[in-house]
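Read through the structure below, which is laid out as structure tokens, and then see the notes.
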Amino acid sequence: MPELPEVEVVKQSLERKILNLRIKKIKINDGKLRYIVDKNELFNLVGKKFKKIERRSKYLIFHLEKHITMIAHLGMTGKFFFIDKKNKKFKTSFYYDLNLEKDKKHDRIIFIFQNDEKLIYNDIRKFGFVKFCRAVDYYKNRHIRDLGPEPLSKDWDQRYFKRYIFGRNRTIKSILMDQKFVSGLGNIYANEILFLSKIKPTRKVKKIKEFEIKKVINYTKKILKSSIKYGGSSIKDFSSDNGKKGIFQQYFKAYGREGKTCSNIDCNSIIKRTIISNRATFFCNKCQK
DNA sequence: AGGCATGTTACAGG
DNA sequence: ACCTGTAACATGCC
């Protein structure tokens, strides 16, 4: 689920749900996430309201009353569910639907609000985490501090790109996934961006031409915005009834398409798969140079 | 049974 | 110190 567009959709979704609800109670089902959840810090949120949510890269920054901030990362399988109480029956009102019976055991943290609505942090593989800090200090947090520019910001431009890759000996795909270079891209979008830019993922950055840098930047901005508009990508199967689901995965042109025909209409080549930086890498040998 | 999975980081080696 | 690539984390699915 979570690269930049997915996290942005989560942020927007939660912002419409949980702001100004007062936390009545918090339960921890399993506090052994990527880092052990600090219970004192977590329970300190009881009685407070969420006031604002920000996204930085793939991190969610929850600002509460009393200048308390919770930093959350979803890892690979982390999800936030909001549960409201309409029709006397709890239901998810979140873009990514949940088969409650099956997935309940992966609920890790449950925030219960005064009106009995709930916010649940659910995480199968437990690579996600929550940490706490003072609001003014969150950007000093060690996870946030060294992040590169946001790919949708003006700071991530041709000049920066050129300067960063100068003298480096890495593949273009590995650098796109490097959060210090640009923050928020992951394996799926790196594959898609390079397919659209017609650059082979294995190409070394020193061999990337100026006009190609421009393409990478432009396609990155384009595809991220487009994915956000479509509610992000939901890769795993999910049941859907009243919740909204991300549908951007149906527009993937390279990711997960090994053995299928290239998406470019004038090409009948087969999408290949290889490994870069321990991650599945998909490309068209003919279209991507 | 073994390989694979949307992420991050500790560590090893140059 | 810098740069790069690999393995590990935990769980489920095919």
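By convention in this document, chain letters (A, B, ...) are assigned in the order of the sequence lines, proteins followed by strands, and residues within each chain are numbered from 1.
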Discussion item. For DNA chain B, please output the secondary structure as dot-bracket, reading 5' to 3'. Pairs are Watson-Crick or G-U wobble, both atom distances under 3.5 Å; mark crossing pairs with [ ], other-strand partners with |, unpaired with a dot.
Written reply: .||||.||||||||
Discussion item. I need the minimum non-hydrogen distance between S57(A) and L147(A), along with the two atoms involved.
Written reply: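 Smallest interatomic distance, heavy atoms only, reads CB-CD1, 3.8 Å.
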Below the 4.0 Å mark, does [N] have OP1 or OP2 next to a side-chain nitrogen or oxygen of [X]?
| X | N | value |
| --- | --- | --- |
| H143(A) | dT9(B) | yes |
| K126(A) | dC9(C) | no |
| K105(A) | dT11(C) | no |

Discussion item. Applying ring pair (Phe, Tyr, Trp, His ring centres under 6.0 Å) as the test, list every pair that has at least one member in residues 11-30 of chain A; sequence neighbours left out.
Written reply: none
Worksheet item: Which pairs with one or both residues in residues 130-150 of chain A pass ring pair (Phe, Tyr, Trp, His ring centres under 6.0 Å), sequence neighbours excluded?
Response: Y35(A)-H143(A), H63(A)-Y138(A), F129(A)-H143(A)
Return the value, rounded to whole Å, for the distance between atom [atom1] of [X] and atom [atom2] of [N].
| X | N | atom1 | atom2 | answer |
| --- | --- | --- | --- | --- |
| D146(A) | dC2(C) | CG | P | 12 Å |
| R125(A) | dG3(B) | CZ | C1' | 12 Å |
| N29(A) | dT11(C) | CG | C1' | 17 Å |
| I124(A) | dC9(C) | CD1 | C1' | 15 Å |
| R108(A) | dC9(C) | CZ | C1' | 13 Å |
| E258(A) | dC4(B) | CD | C1' | 12 Å |
| L176(A) | dG7(B) | CG | P | 13 Å |
| Y189(A) | dG7(B) | OH | C1' | 15 Å |

Worksheet item: When you match G75(A) and R142(A) each to their closest nucleotide on DNA chain B, which lands nearer the 5' end?
Response: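 Comparing both residues, the 5'-ward one is G75(A).
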Discussion item. Heavy atoms from C-beta onward define the side chain here; which of dA5(B), dG7(B), dG12(C) lies closest to that of E3(A)?
Written reply: dG7(B)
Worksheet item: By side-chain contact (heavy atoms from CB on, under 4.5 Å), which residues pair with Y160(A), not counting sequence neighbours?
Response: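 Listed in chain order: P149(A), W156(A), D157(A), R163(A), Y164(A), F181(A).
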Fill in: Residues forming a side-chain contact (heavy atoms from CB on, under 4.5 Å) with N285(A), sequence neighbours excluded
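Once residues adjacent in sequence are excluded, the partners of N285(A) under the side-chain contact (heavy atoms from CB on, under 4.5 Å) criterion are K200(A), F283(A).
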Item to complete: Please answer whether dT8(B) and F127(A) are stacked, defined here as ring centres separated by less than 5.5 Å and planes angled under 30°.
Response: no
Worksheet item: What distance, rounded to whole Å, do you find between the two P atoms, one in dA10(C) and one in dC11(B)?
Response: 16 Å
Practice prompt. Mind checking side-chain hydrogen bond (donor to acceptor under 3.5 Å, both in side chains) for Q114(A) and listing every partner two or more places apart, or none if nothing turns up?
Written response: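 Q114(A) satisfies side-chain hydrogen bond (donor to acceptor under 3.5 Å, both in side chains) with no other residue.
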Worksheet item: Does the pair E212(A)/R203(A) count as a salt bridge with the N-to-O cut at 4.0 Å?
Response: yes
Discussion item. Between the side chains of E210(A) and K162(A), is the shortest nitrogen-to-carboxylate-oxygen separation below 4.0 Å, so that they form an ion pair?
Written reply: yes
Discussion item. Give me each pair satisfying salt bridge (Lys or Arg N to Asp or Glu O under 4.0 Å) with a member in residues 30-39 of chain A, each pair once, sequence neighbours excluded.
Written reply: D30(A)-R108(A), D30(A)-K126(A)
Worksheet item: Pairs in or reaching into residues 246-257 of chain A: which pass salt bridge (Lys or Arg N to Asp or Glu O under 4.0 Å), with residues at least two apart or in two chains?
Response: none
Item to complete: Could you pull out all residues at least two apart from R168(A) that satisfy salt bridge (charged side-chain N to carboxylate O under 4.0 Å, His left out)?
Response: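 Residues passing salt bridge (charged side-chain N to carboxylate O under 4.0 Å, His left out) with R168(A): none at all.
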Write down the protein N/O and nucleotide N/O pairs, taken from nucleotides 3-7 of chain C, whose separation is under 3.5 Å; answer none if there are no such pairs.
| residue | atom | partner | partner atom | Å |
| --- | --- | --- | --- | --- |
| dT4(C) | OP1 | N169(A) | N | 2.8 |
| dT4(C) | OP2 | R168(A) | NH1 | 3.4 |
| dA7(C) | N7 | N278(A) | ND2 | 2.8 |

Discussion item. Checking F127(A) now: which residues fulfil ring-ring contact (aromatic ring centres under 6.0 Å, His included) with it, not counting sequence neighbours?
Written reply: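 If we apply the ring-ring contact (aromatic ring centres under 6.0 Å, His included) test to F127(A), skipping adjacent residues, there are no hits.
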Worksheet item: How would you label the contact of Y35(A) with the nucleic acid (heavy atoms, under 4.0 Å): base, sugar-phosphate, or nothing?
Response: sugar-phosphate
Worksheet entry | Those residues of residues 178-186 of chain A lying under 4.0 Å from DNA chain B by at least one heavy atom |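 Within this stretch, Q179(A), G186(A) sit under 4.0 Å of the strand.
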